[in-house]
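The block underneath contains the structure these notes are about, expressed in structure tokens.
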Amino acid sequence: MKLVFAGTPEPAVPSLRALLGSPRHEVAAVVTRPDAPAGRGRKIVRSPVGTLADEAGIPVLTPARPSDPAFLAQLAELAPDCCPVVAYGALVPRAALDIPRHGWVNLHFSLLPAWRGAAPVQAAVRHGDEVTGATTFLLEAGLDTGPTFGVVTEAVGPQDTAGDLLDRLAVSGAGLLLATMDGIADGTLRPRAQPSDGVSHAPKVTTADARVDWAAPPLAVDRLIRSVTPEPGAWTTFRADRLGLGPVGATTDAPGGDAGLPVLKPGELHVEKRRVLVGTAAAPLELGEVQPVGKRAMPAPDWARGVRIEPGELLT
């Protein structure tokens, strides 16, 4: 089939690479978000998908909005059979959806109808899902509501961050998307309506959402931090300054007593030679890496020695 691929960030790259490597399909063009400033220098850079397309010699379209008449005219002139899309980052209007004869087929990183929305992987980690996956479905006007073609599943490990899980889903999902394109081309795949039960939503995670509440149970704190690693990044405050947080560790000592865990208030810090503990609603947790404002991430014991934490000081 003749394809126009739409995608923007790094997790979409494996899918584009798989389609480019298929002898059965022609990627006639790529649609991605416009070049944007990135990094400390705020230099204007191409998206990861656009960069791969440039390397492959594929035309790249970067409309400010996919509803722009000029873009719609370009897409109609390309006359694709199908538009596979992975994390494009903009709402595709009906005028664009109607151009390819097989529509736009989205790879979504959840087992629909669970976790419809912008942050399905973060939601799966935060809510303690043991299994998640990816789904291919036909785009329509609703938010991730279209009929589905296929799924792959992926176990969620107890130490997985959202970044770890997304890296794996990007690879397995690329295989699913390619198989879906093959099935559509062969006429062997027909989309099936999503079930009406089991619907859940995963809105975009904001920086405010990533602030840790130390009064929560330790399991909830652990899941929150892993769910926002690496983006947007968990954080707390120390001495009124923001402090970034990497994944934390559970403590296995017996609570209380001379040889056991100290009894700590939520957010209260306790510094030992090789670890830094922080209080929660129940057992303390062991801080992993922390990142003060303007500095690199560092092990919590190194940070604690540098700032000279006083007894009773808190993360808030």
Side-chain angles (χ1 to χ4, degrees), residues 9-10 36-45 118-119 121-123 125-128 158-167 202-253 255 261-316:
E10 191 65 39
R40 289 189 175 183
R42 308 305 290 166
K43 293 183 178 179
I44 302 298
V45 297
V121 177
Q122 290 95 325
V125 174
R126 184 168 184 172
H127 288 266
Q159 305 301 319
D160 273 340
T161 66
D164 297 331
L165 186 55
L166 185 55
D167 285 346
K204 182 179 179 180
V205 178
T206 67
T207 299
D209 296 329
R211 185 173 188 172
V212 174
D213 176 9
W214 298 108
L219 183 61
V221 172
D222 168 59
R223 287 175 176 173
L224 169 65
I225 293 174
R226 289 189 292 111
S227 76
V228 295
T229 301
E231 295 293 339
W235 62 283
T236 186
T237 59
F238 176 72
R239 297 175 184 169
D241 289 328
R242 180 165 162 166
L243 183 70
L245 300 168
V248 293
T251 50
T252 57
D253 320 43
L261 289 171
V263 178
L264 301 174
K265 296 182 295 186
E268 184 179 358
L269 292 163
H270 174 76
V271 181
E272 299 178 355
K273 185 174 182 180
R274 292 185 175 85
R275 65 180 183 175
V276 178
L277 304 181
V278 58
T280 70
L285 290 168
E286 182 179 344
L287 290 180
E289 286 194 333
V290 301
Q291 185 171 14
V293 174
K295 297 184 179 180
R296 294 181 180 273
M298 65 186 74
D302 295 347
W303 164 75
R305 282 191 291 271
V307 298
R308 297 183 181 179
I309 294 171
E310 298 292 333
E313 284 199 277
L314 300 172
L315 298 179
T316 59

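Distance OG1/Thr161 to CZ/Arg223: 15.0 Å, rounded to 0.5 Å. Separation of atoms CG (Leu277) and CD (Glu268) is listed at 10.5 Å; rounding is to 0.5 Å. Here the straight-line distance linking atom CD of Glu286 with atom CZ of Arg274 works out to 11.5 Å at 0.5 Å rounding. Put simply, CZ on Arg126 and CD1 on Ile225 are 11.0 Å apart, with the number rounded to the nearest 0.5 Å. Atoms NE2 and NZ, from His270 and Lys265 in turn, are 14.5 Å apart once rounded to the nearest 0.5 Å. The distance from the CD atom of Glu289 to the OG1 atom of Thr229 is 10.5 Å, given to the nearest 0.5 Å.
Counting only heavy atoms from C-beta outward, the side chains of Phe238 and Val290 never approach each other to under 4.5 Å. Residues Pro232 and Val205 are in side-chain contact: their nearest non-hydrogen atoms beyond the backbone lie under 4.5 Å apart.
Counting only distance, with no hydrogens or angles, the side chain of Gln291 and the backbone of Lys295 share a donor-acceptor pair below 3.5 Å. A donor-acceptor pair is defined here as one N or O able to donate and one able to accept, closer than 3.5 Å; such a pair exists between the side chain of Thr251 and the backbone of Pro284.
Screening Asp213, Val278, Leu245, Leu285 against Val221 for a side-chain contact (heavy atoms from CB on, under 4.5 Å) leaves a single residue, Leu285.
The shortest heavy-atom contact between Gln122 and Ser227 is CG-O, 3.0 Å. Closest heavy-atom contact between Ala162 and Val121: O-CG1, 3.5 Å. The two atoms that bring Val228 and Ala234 nearest to each other are CG2-N, 3.5 Å, heavy atoms only. Across all non-hydrogen atoms, the minimal contact from Pro292 to Met298 is CD-CE, 4.0 Å. Summarising the geometry of Asp164 relative to Gln159, their closest heavy-atom pair is OD2-O, 4.0 Å, with the distance given to 0.1 Å. Shortest non-hydrogen contact noted between Pro218 and Thr280 is CD-OG1, 3.4 Å.
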Side-chain donor/acceptor pairs under 3.5 Å, residues 306-316, sequence neighbours excluded:
from, atom 1, to, atom 2, distance (Å)
Glu313, OE1, Arg239, NH2, 2.8
Glu313, OE1, Glu310, N, 2.7
Glu313, OE2, Arg239, NE, 2.9
Thr316, OG1, Thr237, OG1, 2.4

